[in-house]
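The figures here come from the full heavy-atom set of this structure, side chains too, leaving out hydrogens, waters and symmetry mates.
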Amino acid sequence: MAVQAVERATSFGPAVALSCRECGERFELGPVFACTSCFGPLEVAYELPAGDPEGLRRRIESGPANIWRYAPLLPVPADVAAKPNLNPGFTKLVRADNLARELGVTGGLFVKDDSGNPTHSFKDRVVAVAVEAARAFGFTTLSCSSTGNLAGAVGAAAARAGLRSCVFIPHDLEAGKVVMAAVYGGDLVGIEGTYDDVNRFCSELIGDPAGEGWGFVNVNLRPYYGEGSKTLAYEICEQLGWRLPDQIVIPVASGSQLTKIDKGLKELVALGLVEDRPYRIFGAQATGCAPVSRAYKDGHDVVRPVRPDTIAKSLAIGNPADGPYVLDIARRTGGAVEDVTDEEVVDAIRLLARTEGIFAETAGGVTVGVARKLLRDGVLDPSLTTVVLNTGDGLKTLDAVAAGPRATIRPSVEAFRGAGLGG
């Protein structure tokens, strides 16, 4: 038993326990996600390296060009980079000067473009950390409920790690995401209903013998899975020259990404890796699935579930688990939660592509659209350093944007001129 405890501790690096976000009770590291006392969500608690920020900064900078450069701050073993995994992260932070001019931003505008990850979305980050937990707990099958991107990330990561995968999605996802989830050879199962129906089914499967030995990355592995989103905060600050952004606009589905980015920023401050100064966090939703935005605007602390109806299907979670925590963070940091219509989402996708050459999926259209709306309404300060997240590749949501040739002509200069295309 003592040997097992040592192995378990080694597998999770600086992580020492699971802590309830509501009552603070601590539990041993394990595949659990809810407090047995108050049913609050659990998250990973650490004993992080302290006392030598310069040494830690040098150690990080000398690490691999992926999320494992931050292994000393994650619930993973020290040798994680040597294991078979997809090595996501350290994606581009693009200085978006053309977009800034369009939007009237003078303080510096950046797009954190996570479409450069192995399966072209930020989900590769969270899955990579969850896979290490699955290995530590001896799971043989990797699973999830997904709105699309996570399904592909789980399928790819499981294939690379030598694990079986079985993932569950709503039956009406975008075709590109369905293909990307299925191509890795695992089992892909469509469920009749919304994402919330899929998620409820997965929670039931965990307690059934049919789910024995399964690691559901966003259910029984959720505390570890969520920690992968912290690496977005780490990278943004490192790529800004080890400083906090003044403002950051983050898409909200379950809300976990936003809450973990805030956690990561606070950890960097506590470790002395960045200067402690104010920052503002803004949540972005699509109007057709905006329960957190509605609660924020109404001044509520409770998020009322909605039935999603939006082209931004990766954000179509009508009952977001971390919704109340998103509200807390937006209010604490002086930020806000806003939403934009599907038409504004499409227009924002086109705007980002036209100005910066980045083809975002619909979630990226949501963040750019919300940033534009907040600037117009005087909520975002155009004189401050602002970061907007693009969490996925537009090739996954082609149905959202109608585009094609400007003209179809015969192969001759005369036809080219006749079409009015000459300089």
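Side chain of Asp298 to backbone of Ala295: no donor-acceptor contact under 3.5 angstrom is found. With Arg57 contributing its side chain and Leu273 its backbone, the two residues share a donor-acceptor pair below 3.5 Å.
Among residue pairs with one or both ends in residues 36-46, those qualifying as side chain to side chain donor-acceptor pair (under 3.5 Å) are Glu25-Ser37, Tyr46-Glu227, Tyr46-Lys230; sequence neighbours excluded.
Between Asp114 and Arg125 there is a salt bridge, since at least one side-chain N of the basic residue sits less than 4.0 Å from a carboxylate O of the acidic one. A salt bridge links Asp197 with Arg200; the closest basic N to acidic carboxylate O contact falls under 4.0 Å.
More than 12 heavy atoms of other residues, nucleotides or ligands lie within 6.0 Å of CZ in Arg354, so this atom counts as buried by the packing criterion.
Between the side chains of Glu338 and Tyr296, no donor-acceptor pair is found at a separation under 3.5 Å. With 3.5 Å as the limit, one finds no donor-acceptor pair spanning the side chains of Asn390 and Glu361. At a cut-off of 3.5 Å, with distance as the only test, no side-chain donor of Lys92 or Gln239 sits close to an acceptor on the other residue. Donor-acceptor pairing under 3.5 Å is recorded for the side chains of Asp339 and Ser293.
Test Phe139, Phe216, Tyr224, Trp214 against Pro31 for side-chain contact (heavy atoms from CB on, under 4.5 Å) and you get one pass: Phe139.
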### Task
Given salt bridge (Lys or Arg N to Asp or Glu O under 4.0 Å), test Asp246 with Arg277 step by step and report yes or no.
CA-CA 9 Å; Asp246 296 314; Arg277 59 186 180 82; 2.6 Å; yes

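Heavy-atom minimum distance, Thr385 versus Gly107: OG1-O, 3.3 Å. Scanning all heavy atoms of the two residues, the minimum distance from Cys38 to Cys23 falls at SG-SG, 3.7 Å. When every heavy atom of Ile349 is checked against every heavy atom of Ala360, the shortest pair comes out as CG2-O, 3.7 Å. Nearest heavy atoms, Ala130 versus Leu221: O-CD1, 3.8 Å.
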